Amino acid sequence: MSPHILILGGTTEARELAAALASRPGVRVTTSLAGRVTRPGTVAGEVRIGGFGGVEGLTGWLRQEHVDALVDATHPFARAITAHAARAAAATAVPSVVLRRPGWRPGPGDRWHPVDSLDEAAELLPRLGRRVFLTTGRMELAAFAHLTELHFLVRSVELPEPPMPPCTEVLLARGPFTVTDESTLLHDHRIDVLVTKDSGGSATSAKLTAARELALPVVVVRRPPLPDGVTAVPDVAGVQRWLDLTSP
C-alpha cells in the first residue's frame with residue numbers, strides 16, 4: 001500500500017515539500033490548508049481546505065485516511081494547530097515532524113527590540129516611533145487598536161480584519177520583496193519603526209535589511225516554543241531524510 005503523508009500547509013516550504021513528495025512514485029500526499037487565504041496558489045498532490053475540528057477531529061482524520069506520517073509545515077506562529085497536531089499524532093501513534101525554517105538573527109547595526117507577544121510590542125511602540133510599518137499579519141491588529149496617536153502602515157495579502165488602529169493605511173501586496181522595494185516603501189511612507197514576527201525565511205527578510213540601512217528600530221516578536229517532545233527540522237531536505245527513516 002502506498003504511504004500517505006499529511007502536510008499541514010500554508011507556507012512556502014509546505015508547497016515545496018508537497019511538490020517533492022508528489023514526484024516520488026507510490027507516495028500519496030495530502031496538504032491541508034486552513035482556508036484563510038482565498039487564493040493560496042497551486043499545491044501538488046491532494047488538497048483539503050478548512051480546519052479539522054480540534055484534536056479529536058484531526059485524530060479521526062488521521063485514522064480514517066490511514067495517514068502514515070504527519071508533517072506540520074504551518075507558520076511558526078500557528079501555535080494552536082501545532083499543539084493539536086502533536087497531540088493527535090501521539091494519540092494515533094502516527095510519526096510526526098515539524099518543518100520550521102530557521103528564525104532570523106540580528107546582525108551588526110540592527111536595532112532590534114525582542115518581545116514575547118503582540119501586546120508587549122504595542123506597549124513598547126510609543127517610545128520608539130510615531131509612524132509604524134506593521135507586518136504581523138492581517139488577523140492580529142487588535143493588540144494595536146488602542147494606539148490612537150500612532151499612524152500604521154499595514155501590509156497584507158488580503159484585507160485585514162477589524163478591530164484595528166484608527167489611523168491605519170492598508171497596502172495589499174504579496175512577497176517576496178527586494179531590499180530596494182522595502183527601502184523605497186519605508187522612505188516614501190516616512191516610517192520610523194518596524195514591527196514584525198520572527199517568521200524566518202528570505203521572502204520577507206528584505207525589510208530587516210532596509211531597516212538596518214536606515215537605522216530604524218525593529219520590534220521583533222519571538223516565536224512561541226514548540227510542544228515538548230516534538231521533532232523539528234529546518235528544511236524540506238530534512239523532512240525527506242526523516243521520512244526515509246520512518247516511512248514503511
Side-chain angles (χ1 to χ4, degrees), residues 8-17 71-83 86 97-125 127-129 131-138 140 143-144 152-157 173-187 191-242:
L8 303 180
T11 60
T12 300
E13 291 82 5
R15 290 194 298 274
E16 293 174 353
L17 177 62
V71 181
D72 175 4
T74 57
H75 193 274
F77 284 81
R79 183 197 298 259
I81 186 60
T82 293
V97 69
V98 174
L99 171 54
R100 285 289 183 273
R101 68 185 78 130
W104 293 318
R105 295 290 182 266
D110 282 321
R111 298 175 57 196
W112 283 19
H113 299 264
V115 296
D116 289 320
S117 67
L118 293 175
D119 289 335
E120 287 186 23
E123 182 179 355
L124 183 61
L125 267 183
R127 303 198 294 272
L128 297 177
R131 298 185 63 84
V132 184
F133 184 26
L134 186 59
T135 63
T136 56
R138 67 186 180 92
E140 297 182 298
F144 305 92
F152 289 86
L153 175 66
V154 174
R155 183 168 64 197
S156 176
V157 175
R174 185 190 296 269
F177 307 100
T178 68
V179 174
T180 299
D181 293 335
E182 301 293 54
S183 296
T184 300
L185 182 146
L186 295 172
H187 178 269
I191 299 299
D192 52 19
V193 59
L194 166 66
V195 182
T196 187
K197 293 178 176 178
D198 180 16
S199 300
S202 60
T204 59
S205 63
K207 62 192 173 189
L208 299 173
T209 303
R212 180 191 311 128
E213 292 178 351
L214 295 171
L216 298 182
V218 181
V219 180
V220 181
V221 183
R222 298 185 182 96
R223 296 178 175 189
L226 290 171
D228 291 340
V230 168
T231 298
V233 296
D235 52 29
V236 169
V239 175
Q240 292 179 298
R241 288 192 294 270
W242 177 85

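Computation of the quantities below employed the complete heavy-atom set of this structure, encompassing side-chain atoms and omitting hydrogens, waters and symmetry-equivalent molecules. Source: prediction; values computed, not measured.
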For residues 216-236, dump all side-chain donor-acceptor pairs below 3.5 Å to protein atoms at least two apart in sequence or in another chain.
unit_1	atom_1	unit_2	atom_2	d
Arg222	NH1	Asp116	OD1	2.9
Arg223	NE	Asp198	O	2.8
Arg223	NH1	Arg101	O	2.8
Arg223	NH2	Arg101	O	2.9
Arg223	NH2	Pro102	O	3.4
Arg223	NH2	Ser199	O	3.0
Asp235	OD1	Gly238	N	2.7

Quick check for you: to the nearest 0.5 Å, what is the distance between Asp181 atom CG and Leu186 atom CG? 11.0 Å
Any idea which heavy atoms bring Val193 and Ile191 closest together, and the distance? O-CG2, 3.3 Å
Can you tell me how far apart NZ (Lys197) and CD (Glu140) are? Round to the nearest 0.5 Å. 3.0 Å
Just by distance, do the side chain of Arg100 and the backbone of Ala73 share a donor-acceptor pair under 3.5 Å? no
Gap between atom NZ of Lys207 and atom CG of Leu194 - 0.5 Å precision: 6.0 Å
Under a 4.5 Å cut-off applied to non-hydrogen side-chain atoms, are Val179 and Glu182 in contact? no
Leu208 vs Trp112 side-chain heavy atoms within contact, under 4.5 Å: yes
Tell me whether Trp104 contacts the main-chain N or O of Gly201 through its side chain, where contact means a donor paired with an acceptor under 3.5 Å. yes
Interatomic spacing from CG in Leu125 to CZ in Phe152 - rounded to 0.5 Å: 5.5 Å
Heavy-atom nearest pair, Ala173 first then Arg155, reads CB-CD, 4.1 Å
Please lay out, stage by stage, how Phe144 and Thr136 fare under the test side chain to side chain contact (heavy atoms under 4.5 Å, CB included). CA-CA 11 Å; Phe144 305 92; Thr136 56; 4.2 Å; yes
Closest contact, heavy atoms only, Thr178 versus Ala206: C-CB, 3.5 Å
Nearest-0.5 Å distance, CD of residue Gln240 to CG of residue Leu17: 6.5 Å
Kindly indicate whether the side chain of Thr82, heavy atoms from C-beta on, has any atom under 4.5 Å from the side chain of Arg79. no
Heavy-atom closest pair, residues Ala143 and Asp119: CB-OD1, 3.5 Å
Side-chain heavy-atom pair Leu124, Val115 within 4.5 angstrom cut-off: yes
